[in-house]
2 protein chains.
Amino acid sequence: MLGPMIEARHLRVLRAVASAGSFSAAARELGCTQPAVSQQMKALEGAAGTPLLVRTGREMRLTEAGEALVRHASGILAGLAAAEEEVAALAGLRAGRVRLVSFPSGSSTLVPTAVAAMRADHPGTRVSLVEAEPPRSVEMLRAGDCEIALAFRYEAEPEWGDLVVRPLLTDRLVGLVPEGHPFADADEVGIGTLAEEPWIAGCPRCRRHLVQVCEAAGFTPRIDFATDDYPAVVGLVGAGLGVAVLPELAVESVRPRGTRAVRVTPAVQREVVALTLPDLARVPSVAAMLHHLATAAQR
Amino acid sequence: MLGPMIEARHLRVLRAVASAGSFSAAARELGCTQPAVSQQMKALEGAAGTPLLVRTGREMRLTEAGEALVRHASGILAGLAAAEEEVAALAGLRAGRVRLVSFPSGSSTLVPTAVAAMRADHPGTRVSLVEAEPPRSVEMLRAGDCEIALAFRYEAEPEWGDLVVRPLLTDRLVGLVPEGHPFADADEVGIGTLAEEPWIAGCPRCRRHLVQVCEAAGFTPRIDFATDDYPAVVGLVGAGLGVAVLPELAVESVRPRGTRAVRVTPAVQREVVALTLPDLARVPSVAAMLHHLATAAQR
DNA sequence: AGGCGAGCATAAGGTTTCCTTGGGGAGTCG
DNA sequence: CGACTCCCCAAGGAAACCTTATGCTCGCCT
């Protein structure tokens, strides 16, 4: 333990010497000067505690210990080369896995195009996707169960803390009313004018935010239905059972049959972001995926 | 090639970090300080081109590249440990092979006791023996076919050049005459008094030296027989076919039935040495063998 | 909420290691 | 015998390494 340990550099030099047959030739092969080879060999012999090669006049011959080291060197250096190759593949995006967690409406629009671009640019990489909403997705991020979490945040909600935040787009929320509804053809409607309508709400956070906005406008919405399933919301609106306020992304991802989308005032919007950990943001495959997500978000 | 290569030290640190779970714990495990671990890890991440671990609050987790490196590290470090163990065995005389070349009369006396002592002291070592005389044995030494050559040299003959010479003993040459010969009971005889005797010579070099000595004494010996086989020489003398001058070692190794040994003047002697190459002299197993040879030579 | 301990990062300093340049000696070949 | 090759040696500067010291963040505990 106390003696200087054998390092990979030593074995590289030894192998070069053994294959080239002389220090000078080994130095040329290694791209350094001959005294450098001399010193490395001396250091290695010091670590080994015995001479490794015997020079008799012109030619060099390995001692028993030298033979043993050369024999081991090939395996060791091969393993090391394999390791370097593997991390180079990871770093060079010829391999790598990115685990994505997305909220439902994000996964149906943003993610497919981003993943397609990723696959086209870096065929060796693999992207997996799981659906979950914050705070579950952030938990998974911190627990190491994914590398990137797609999430959204309403204006009033808290920031993301120490996470790396990559803004993707700000999602304007639109009102959704049945065809034939009095406001179906309006350019925009004040939210207060919908005070007496029955409401159909989305996910818990969306619902909570809806209530906040409505109360700011002076009324408490009467929520008849609440469901995570956006197509279901659209269906309910289309059936004339109420009105809804939905993220534009969610509307786009569903064929809104029997409904009309109208702008609502005051403007309500949510910020859609990709989240990751500071260290992960520097991983090439993660960085590439973030880039493609941002590109996809720009339409 | 241009980026700093991954070294064994890096992998040792990485493995310690992965197993200990923190830089500080790894530092304790490695017997160094925590900043040292920090720096090594930073260097390794630089060489890898991608982060290797992600720190989320309290705990560390390996990235994909980190996992890959740790996976390879065990094999690489195991190979390296095996290599170190093998050379340590060689250096520690728990293993090793010494190939000896000896001239015939040396191998029958010196070598057996020296080899026995070597085997007793270092049971892991192996000694092999081949018989040959100089200059053949020196050729074998230079060609790498043996590590130690036992040889002898008469006074007038050339030095050994750049070889490492370990003097073992100086072998006095004795005259050998048949029982009943006029000088059989003499204390010593001048070599000139044997000018008219029929001679029985040994190996070519011994024979050449015999001629030189006799000519210095003023006569040319009549050589009736010449043979490499010392027992044969003794037998011929015992049969009354002539006289001989033999190394004491050679006489001792044979039961000299029917003959008498007498001192001859001027004193003739040959120097028995062990030869090796400068580099080989530093190989532990060779050094140990040389030591045991010298010890055996001292009776 | 504030204090505390653990853990990591960073900066600075000193030591060691590493590599290069320059010069010398020994062996080999034309 | 001169030219070439190869190696060692010494000295200088550059780089790597490790340590001490310091500050910061986080989780935990009172």
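Below, each value reflects all heavy atoms present in this structure, side chains not excepted, and no hydrogens, waters or symmetry copies. Below, read A as the first sequence line, B as the second, and so on, with proteins coming before strands; counting in each chain starts at 1. Keep in mind that this is a model prediction, so the values were computed, not measured.
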Going through the checks in order, is the side chain to side chain donor-acceptor pair (under 3.5 Å) test met by A:Ser38 and A:Gln34? CA-CA 6 Å; A:Ser38 272; A:Gln34 170 267 317; 3.0 Å; yes
Checking contacts here: which listed nucleotide ([options]) is nearest the side-chain heavy atoms of [X]?
X       : options                : value
A:Ser24 : D:dC17, C:dC18, D:dC7  : D:dC7
B:Ser38 : C:dT10, D:dC17, D:dT20 : C:dT10
A:Pro35 : C:dT20, D:dT19, C:dA9  : C:dT20
A:Gln39 : D:dT19, C:dG7, D:dA11  : D:dA11
A:Cys32 : D:dC18, C:dT10, C:dT20 : C:dT20
B:Arg55 : D:dC17, C:dA9, C:dC19  : C:dA9

Please say whether the positively charged group of B:Arg205, taken as NZ for Lys or CZ for Arg, lies over the ring of B:Phe152, i.e. under 6.0 angstrom from the six-membered ring centre and within 45 degrees of the axis. yes
Are the side chains of B:Ser22 and B:Val17 in contact, using a 4.5 Å heavy-atom criterion? no
Would you mind reporting whether A:Thr56 and A:Arg61 have side-chain heavy atoms less than 4.5 Å apart? yes
Please tell me which of B:Gln34 and B:Asp162 maps to the more 5' nucleotide of DNA chain C, matching each residue to the nucleotide holding its nearest heavy atom. B:Gln34
Quick check on DNA chain C: between A:Arg9 and B:Met60, whose nearest nucleotide comes earlier from the 5' end? B:Met60
One pair to check against side chain to side chain contact (heavy atoms under 4.5 Å, CB included): B:His10 and B:Arg12. What are the steps and the verdict? CA-CA 5 Å; B:His10 296 140; B:Arg12 285 185 243 272; over 6 Å; no
Length of the line joining [X]:[atom1] and [N]:[atom2], which is rounded to integer Å:
X        : N      : atom1 : atom2 : result
B:Leu277 : C:dG27 : CG    : P     : 13 Å
B:Arg12  : D:dC17 : CZ    : P     : 13 Å
A:Leu44  : C:dT17 : CG    : P     : 15 Å
A:Glu59  : C:dC29 : CD    : P     : 12 Å
B:Phe23  : C:dC8  : CZ    : C1'   : 8 Å

How would you label the contact of A:Thr33 with the nucleic acid (heavy atoms, under 4.0 Å): base, sugar-phosphate, or nothing? base
Across the strands shown, which category fits B:Gln40 at heavy-atom distances under 4.0 angstrom: base, sugar-phosphate, nothing? sugar-phosphate
Does A:Lys42 make a side-chain N or O approach to OP1 or OP2 of D:dC9 shorter than 4.0 Å?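 So the side-chain polar atoms of A:Lys42 do come within 4.0 Å of the phosphate oxygens OP1 or OP2 of D:dC9, strictly under.
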Whichever of A:Ser22 and B:Glu7 has its nearest DNA chain D nucleotide further upstream toward 5':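 First, find each residue's nearest nucleotide; the 5'-ward one identifies A:Ser22.
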